[in-house]
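Order of the sequence lines fixes the chain letters, A, B, ..., with proteins taken first and strands second; residue numbering starts at 1 for each chain. For clarity, every value in this text was computed on a predicted model and none was experimentally measured.
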Amino acid sequence: MFPTEHLLILGAFLFSLGLLVIITKRNTIMVLMGIELMLNASNLNLVAFNLFNPGSVDGQMFVLFVIIVAVSEAAVGLAIVLQVYQYFRTSVTDSINEISE
Amino acid sequence: MQQYLISFLIFSPLVAAFVALLLPAKHVSSFRYLTLLTNVIQILVLILMLLSYDNSKAIQFVEQQPWITLNLGTWGILKATYFVGLDGLSLPLIVLSVFILCIATISSWTVNQNVKGYFILLLILNASILGSFTALDFLLFYLFFEFMLLPMFFLIAIWGGPRREYASIKFFLYTLLGSIFILIVMIGLYISVHDPNASGVLVHTFNLLYMTEPSNFISNTILDPNNPWMIGPYNGRLWAFLLLFVGFAIKLPMVPLHTWLPDAHVEASTPISVILAALLLKIGGYGLARIALPVFPEAALYFGWLVGLMGVISIIYGALNAMSSKDLKRLIAYSSVSHMGFVLLGLASLTTEGVTGSVYQMFSHGIISAMLFLIAGVLYDRTQDRMINTYSGLSLKMKSFTTMVLIAFFASLGLPGFSGFIAEILVFLGAFRSNSATGILPESFAIIATLGLILGAAYYLWTLQRMFFGPFNVKGHISEDQIFDLNTRELCMLVPLAAATLGFGIFPQPLLAIIDPFAKYLTEFVLTTGKNLTLNL
Amino acid sequence: MPLVSFLLSFVISEKYSWIVSFTAPFLLLLGALCAAFVFFYLPADQHYLREVLWFKVSDHAISGGLFVNNLSGTMLLVVNFISFLVHVYSVGYMAGDSSIRRYFAMLGLFTFAMLVIVLADNLLLLFVGWELVGFSSYMLIGHWKEKPQAATAAKKAFIFNRIGDAGFLVGLMILWALHGSFNINDWSSPHAPTPWQTAASLCIFCGVIGKSAQFPLLSWLPDAMEGPTPVSALIHAATMVAAGVYLVIRIFNLFTPASLDIVAIVGTTTASIGALAALGQNDIKRILAYSTISQLGFMVTALGTGRPDAALLHLFTHAFFKAGLFLAAGSIIQSLHQAQQQAHTHFDVQDIRNLGGLRKKLPMVFLVFIISGSSLAGLPLFSGFLSKDAILTGIVSWAGGSVSWKWFLAAILVGVSFITVMYTFRMIWTIFFGDEKRTDGLSIIESPIVMKAPIIVLALCSLWIIISWNPFMHTRWTSPGLEHHWGVTTFSIIWVVAAFGVAYILRDKSFQARILQKGFYLDQYYQAITTNIGLKMTQLTAWIDRDCIDGLIHATAYAQVLIAHVTGWIDRALVDGTVNGLVSFVRGVGTVTRSFQDGKIQLYIFWSVFTIIIFLIWAML
């Protein structure tokens, strides 16, 4: 067994990575990827924290639930991105801009 | 149902104006017919009202609705109501207004420039005139009074003659100055008068009927009759009367506050001149009789001689100026100044004859001046020239026109058989009796004023001689075929007016029966209340 | 007695039934018959009154009432009868005139208004008629509108009347203030001579001065001769100008002794001015006009001497003979005009110097002139003698036994009657005797029967028989109580005959003094007064208006504009400066903050994360 701290650090690293992707990447698909990374980071955290309470499987159940939600969200998100791509002929967020100018 | 008739009269033109706003501007004639329809409806409503009017009662067709009620805490409650009604003073003027406005609409048929705007403004003007003649709440009156200026300003400034901007601004500034004076007094009255029916709380009211009752004044306010404060030589109430007098005298107009009138008349188009002379001037006299005299009766007694003197000066001065005018419209405008002097003289006399004559004069002058301005308009439509010495011998070319001119001129110079005669003789009788009856005006005022009659005859006959008699001739760029006789539309306007002035001259009793109770009430009220208040001082 | 109102309505409707002008004389005939009926069937010393409410002010009702007694009955007859004759005459005289409809309409209106004066039972109604006759007279004098002189004369007549009317109005005011009523019958007994009463009567007399062309307002009457001749006969000789006299008779009780004296002086002055001026005129109609003025002066003097009955008698006789003279003169004028048109010559047919020897060519007119002229001159056997005699008797008894200024007036009046004979003689002599002058060679035809008949009737009425069986004494109905003085009668017979003789001797002399011709320069005085004072006044007021009042207003306007410019500068420099500074500051801040929200989601996220991190760091510390 390796210590829980490693798992938590890995989760934090993954979360930060996802955030960085969301902020820096211009392409919507990449942003979705970033969100996916952040979700998985939180999954990792949930599993890690479950270690403190060995008798239950609550953490694992949450993780399963989150994965399902993430899948459906990714499906919806990709569908929207496809529609946006068809409409604007691009999937770069900055050029999809109807409010200003 | 009866109580809403006045509101119907006032608001039907507003509704029509709103409808006109929605109509597309290119249907030019629809605006004309819409306005005419409104006028016809108003006439019908008016006839309905006349049928049920009762000479013996004071104020009738009263409608009172809450309008503004503001609780100002320790300042009391501000209360203005929508309060309208008719009595012997306003009914003749309402009758006059409704008919003259109808004639003005017919006369506006030839307006071709921006027809939509013109008729909308005309309708708004219509509503505000009727409103100010019926309002019995000072704030409401003031609202309508001010509301009238705006359409009038635009009607002169857009559809006027070559110097229209100058004339309209002069008109606007003059009347605005008068309004400011009235506003000052209104605020003073608002502070000083409370509603006697409100128990416990202090209710400041604008109700004109409450304002006439000296007991309704809050003690130690600026306009309280028992207040010993003096501002210069007079107390607040005398000053307030003077301010109101000046405010309304500008509208009347009185010499020396009259110079806006000739300019406005010369520049305004015919229907606007008609409305201006026949109706707007009357608001000055109406305001004096409705507000200034009954609210400040002791000041009316105190300054009666001043009002009468200004009346006499206006009579003579206006007539002299009319004689020196070279422009037909200017001549008529100055004759209005002269005739409105009679209104002042009659009101100042505070005798029943005088006040009755004053109101009768307002009515009769409304008819006659409308006729005179229509006549000037007829000539202007044909030739674009109103100078008297351009023409001579017109009677040979324009027979029925000359007949109308004769009727109008002789009616205006007070020939018996026309309404002006009845009015003037009553004013004279009242003014002369004033010294023995009320002690306000010396006899000499009435005697000097008769000079106005001679001068009136002189300038009208001189004009007749120069323009209509002698061999036919026109000067300048006018060709002879521009001179032709009246058409049907013009006859439609002039003949009813001629008939009216004749009718009210031969059978004055129906109208006098309406005015007389009011005049009697007003003079008695002003004399008794005024004397009591003077004693208090 | 509903006939009276019937009569009135008839005349009114006549005014509108102008479709055929020939109905007018017919209606007037009916009117005259009614009047005669009223007159002869009205029992003496009774009166008929019929009132309707006209209008009511406070508690004073003013009625429109008809009142007929002996006096107004007489006037009623005179007015209707002469008006009828003039209507008949006009049919001939005005034939072919383009605006004959208006002519007859106005004639009808005039008759109506005159009847209002005659029948009115209160002064206000009388005043209405008074002004209306002025108006119809204006229209009729100016009937030939295209003639500038006619228009001027009409205007002058109306304005002169108007001046008198203003005085009348003041009188009405005084009476109203004194009595609160205008009813003439309320004043059936003489009033106490208070100053106000004197003032009232004198003011009303002002109206009489204007209407009856008394001094100083007399010069309109000769000018009024520009109108058609029948109009001159009806209005300016027989009826309207006599209305003033009638008015004074009607309200005689209002006059105080003091005012009567003034009336007498005015009357005498007028009589002498009129007679002298008549002597100097050459225009036939102007002679008659001045003679009318002079005769009116006689009547007014009679009033002033307290003899309204004598005045009425003279009014009555004068109406007939003067109308006769005018109509005859009109007939001469028309005959000569027609003759001129045939002969294509042109001269002024009204100038008596151009005429002469017409007695053979116009025998009928000559006869009429002789009869009516003698009556005017006051020859015995003619009606004028009787009435003038009555006036002279009156003034003699008024002047009393002692010598005073009253005798002076009497002497003047006697002198005037002398001059009357002279100018009448001169006029007739020049026209009808002597050699034919400019009319020589013209073929002159007498007027048609419609014109002749009225003239003859009027001439017959100028005989003594119409008022009295006795040619030297008036005994009949018009003046039962008139005193008679044989001495005066004898004297006047001698006097008139003497005057006749003098006139014959002086027949070829002409009286061409300019002062007489110009009617004592009254017109020039008025002209000077109106131009100097009136026009100056109008110019003054115009100047005040334009330069003073408007100048003041423009000055204030400019001042306002100036102030507006100053405040405008303050606005721009200070207030706007501050505001603009504020605005640019705010804008700067705005630009900064705006950059945070430009629609880029990732930036939002960046900033929120950034903030959270800052917050976390802060929280940890």
Work out which heavy atom in [X] is nearest to a heavy atom in [Y]; give both atom names and the distance.
| X | Y | value |
| --- | --- | --- |
| C/Ala177 | B/Arg433 | CA-CG, 3.9 Å |
| C/Ala166 | B/Ile454 | CB-CD1, 3.7 Å |
| C/Leu172 | B/Leu429 | O-CD2, 4.1 Å |
| B/Phe428 | C/Met173 | O-SD, 3.5 Å |
| B/Ala458 | C/Ile159 | CA-CD1, 3.5 Å |
| B/Ala457 | C/Arg162 | CB-CG, 3.7 Å |

**Prompt:** Hey, mind stepping through C/Phe168 and B/Thr450 against side chain to side chain contact (heavy atoms under 4.5 Å, CB included) and telling me if it holds?
**Reply:** CA-CA 10 Å; C/Phe168 194 155; B/Thr450 51; over 6 Å; no
**Message:** As a quick check of understanding, evaluate side chain to side chain contact (heavy atoms under 4.5 Å, CB included) for C/Leu132 and B/Leu415, giving each step before the final call.
**Reply:** CA-CA 7 Å; C/Leu132 282 179; B/Leu415 191 77; 4.0 Å; yes
**Heavy-atom proximity to chain B below 4.5 Å, by part of C/Leu169** =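 For C/Leu169, the side chain is the part near chain B, not the backbone.
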Quick one: which of [options] has the most heavy-atom pairs under 4.5 Å with chain C, could you say?
| options | result |
| --- | --- |
| B/Gly414, B/Pro517, B/Ala519 | B/Gly414 |
| B/Phe507, B/Tyr459, B/Tyr334 | B/Tyr334 |
| B/Trp260, B/Tyr174, B/Tyr460, B/Phe472 | B/Tyr174 |

What part of [X] is in contact with chain C, defined as an atom under 4.5 angstrom from a non-hydrogen atom: side chain, backbone, both or neither?
| X | value |
| --- | --- |
| B/Leu413 | both |
| B/Ile515 | neither |
| B/Ile422 | side chain |
| B/Asp263 | side chain |
| B/Ile425 | side chain |
| B/Tyr166 | side chain |

**Request:** Compute the centroid of each ring, for B/Phe418 and then for C/Phe135, and state whether the two points are separated by less than 6.0 Å.
**Result:**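 Ring centres of C/Phe135 and B/Phe418 not closer than 6.0 Å.
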Going by heavy atoms in the side chains, are [X] and [Y] under 4.5 Å from each other?
| X | Y | value |
| --- | --- | --- |
| C/Met139 | B/Leu406 | yes |
| C/Thr152 | B/Phe469 | no |
| B/Phe432 | C/Leu175 | no |

**Request:** To the nearest 0.5 angstrom, please state how far the CD atom of B/Gln465 sits from the NZ atom of C/Lys156.
**Result:**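 Reported value, rounded in 0.5 Å steps: 11.5 Å.
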**Message:** Would you compute the distance between atom OG1 of B/Thr463 and atom NZ of C/Lys155 and round it to the nearest 0.5 angstrom?
**Reply:**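 Here the interatomic distance stands at 9.5 Å.
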**Asked** Between C/Phe127 and B/Phe421, how do the two ring planes meet: parallel, tilted or perpendicular, split at 30° and 60°?
**Response**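 Correct class here is parallel.
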